[in-house]
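Any value given below was found using the heavy atoms of this structure, including those in side chains, with hydrogens, waters and symmetry copies removed.
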Amino acid sequence: DWSSDVCSSDLTTAGGFAAQLSSHIQPVASFGLMMTLGTLLVLPAMGLIVPGGGLLGPGPVDPRPVPGGGVVARALAWLARWVDQRPGQVWGLLGVLLLATVVGCSRLTVETDFSRNFRPDNPILQSMDFVEANLGGAGAWELNFPAPANLDDAFLERVRDLARQLRELRDPVTDAPALTKVLAYSDGIDLVPRVPFVIPNLAAQSRLLTQFQPEFTNSLYNPGSGRMRLLLRSSERQRSERKLELIDQVETVARQVFPDTAEAQRPVATGLHVDRKSTRLNSSHANISYA
């Protein structure tokens, strides 16, 4: 009857929303939780409202004819006769649709450019276009890698080399730099020249840098956790395949510069620009505080 149909439809819808609870992205999981609860509340709401609503007014018991109902009934009757009389054509049509579906599914890709959800005249999309064209892109992310508790010149040289290699990455289509911005701890140290007897070593450079920019060191280096990061910026409005390729390139370069790290401590890419696949890989380091 209609009550079982309503219950099954409601439970199916709730199950679809509940699938979002498996997401590692917190806003998606929160949306799935609220929509699941809201959908399940339809059943007790119907139990409280429908009985009383059915007693309101002397309305007719039999439903009235629906406009266009006769056309729909005749169309369904014709379709039923056609399916019954031409089973070969039906199977052939279903086979073509199945083949097209299989081919289409094999060409599906993960879309990570959320700006495609907006119309061209949307203010959000226009603002993103301005950032992409004039401010180096809206894709902000980072490369997180292990660092010793006490920095030395040898390690800082590896960080400097890593930043240089990342800046040399090129986009295969436009031949433009794949990363529009790479900010490393070595960039701040290089701004403080070494002066004999005044700034003789790396420790003195670090102290002077902290005096001029107190937040610079803390935002990039956490000696307690033994981690350091490079801040990266790239274009957000690009195909998901290119994003994944760039993320893999960045991680590959970092692991070549730091090959002697354990598997659990290997360099990883994190940030909003990184897709869900990479987020699962680096979730153990994504919440490290550098402040």
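Proximity of Trp141 to Ile247: side-chain heavy atoms (C-beta onward) are separated by under 4.5 Å at one or more points. Residues Val96 and Leu99 fail the side-chain proximity criterion, which asks for heavy atoms closer than 4.5 Å. Using a 4.5 Å heavy-atom cutoff, the side chains of Phe212 and Leu191 are not in contact. No side-chain heavy atom of Asp171 sits less than 4.5 Å from a side-chain heavy atom of Pro177. Using a 4.5 Å cut-off on side-chain heavy atoms (C-beta onward), Gln126 and Pro120 make no contact. Using a 4.5 Å heavy-atom cutoff, the side chains of Thr36 and Thr39 are not in contact.
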* For side-chain contact (heavy atoms from CB on, under 4.5 Å), just list the numbers for Glu142 and Asn144, CA-CA rounded to whole Å, side-chain angles, deciding distance to a tenth of an Å, and then say yes or no. => CA-CA 6 Å; Glu142 68 180 60; Asn144 191 303; 3.7 Å; yes
* Can Arg237 and Leu125 be said to form a side-chain contact (heavy atoms from CB on, under 4.5 Å), step by step? -> CA-CA 10 Å; Arg237 300 196 63 191; Leu125 186 58; 3.5 Å; yes
* To do: Kindly indicate, with the supporting measurements, whether the criterion salt bridge (Lys or Arg N to Asp or Glu O under 4.0 Å) is fulfilled by Asp187 and Lys181.
  => CA-CA 12 Å; Asp187 297 331; Lys181 186 66 176 179; over 6 Å; no
* Evaluate the side-chain contact (heavy atoms from CB on, under 4.5 Å) criterion for residues Leu202 and Arg207: first the C-alpha distance (whole Å), next the side-chain angles of each, then the deciding distance (0.1 Å), finally the verdict. => CA-CA 9 Å; Leu202 177 59; Arg207 287 194 298 270; over 6 Å; no
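The hydrophobic clustering, which links ILVMFWY residues whose side-chain heavy atoms are closer than 4.5 Å, places Leu183 and Val131 apart.
Defined by atom type and a distance below 3.5 Å, a donor-acceptor pair is missing between the side-chain atoms of Tyr185 and Ser219. No side-chain donor-acceptor contact under 3.5 Å links Asn201 and Gln205.
Residue Gln249 holds its CD atom at 11.5 Å from CG of Leu244, rounded to the nearest 0.5 Å. Here Leu162 contributes atom CG and Leu143 contributes atom CG; the two are 6.0 Å apart, rounded to the nearest 0.5 Å. Of the inter-residue distances, the one linking Leu230 atom CG with Leu232 atom CG reads 6.0 Å to the nearest 0.5 angstrom. Taking CZ from Arg158 and CE from Met228, the interatomic distance works out to 12.0 Å, rounded to the nearest 0.5 Å. Atoms CG and CG, from Asp152 and Leu156 in turn, are 8.5 Å apart once rounded to the nearest 0.5 Å. Taking CD from Gln20 and CG from Leu33, the interatomic distance works out to 10.5 Å, rounded to the nearest 0.5 Å.
Aromatic pair Phe258/Phe155: centroids less than 6.0 angstrom apart.
Under the 30°/60° scheme for interplanar angles, the aromatic rings of Phe31 and Phe17 are found to stand perpendicular.
A distance-only check finds a donor-acceptor pair linking the side chain of Arg170 to the backbone of Asp175 [under 3.5 Å]. Side-chain N or O atoms of Arg266 include none that pairs as donor or acceptor with a backbone N or O of Glu251 at under 3.5 Å. Not one N or O on the side chain of Ser9 forms a donor-acceptor pair closer than 3.5 Å with the backbone of Val6.
Counting non-hydrogen atoms of neighbouring residues, nucleotides and ligands closer than 6.0 angstrom, the CG atom of Asp121 exceeds 12 such neighbours.
The heavy-atom pair separating Ser8 from Thr12 by the smallest distance is O-OG1, 2.7 Å.
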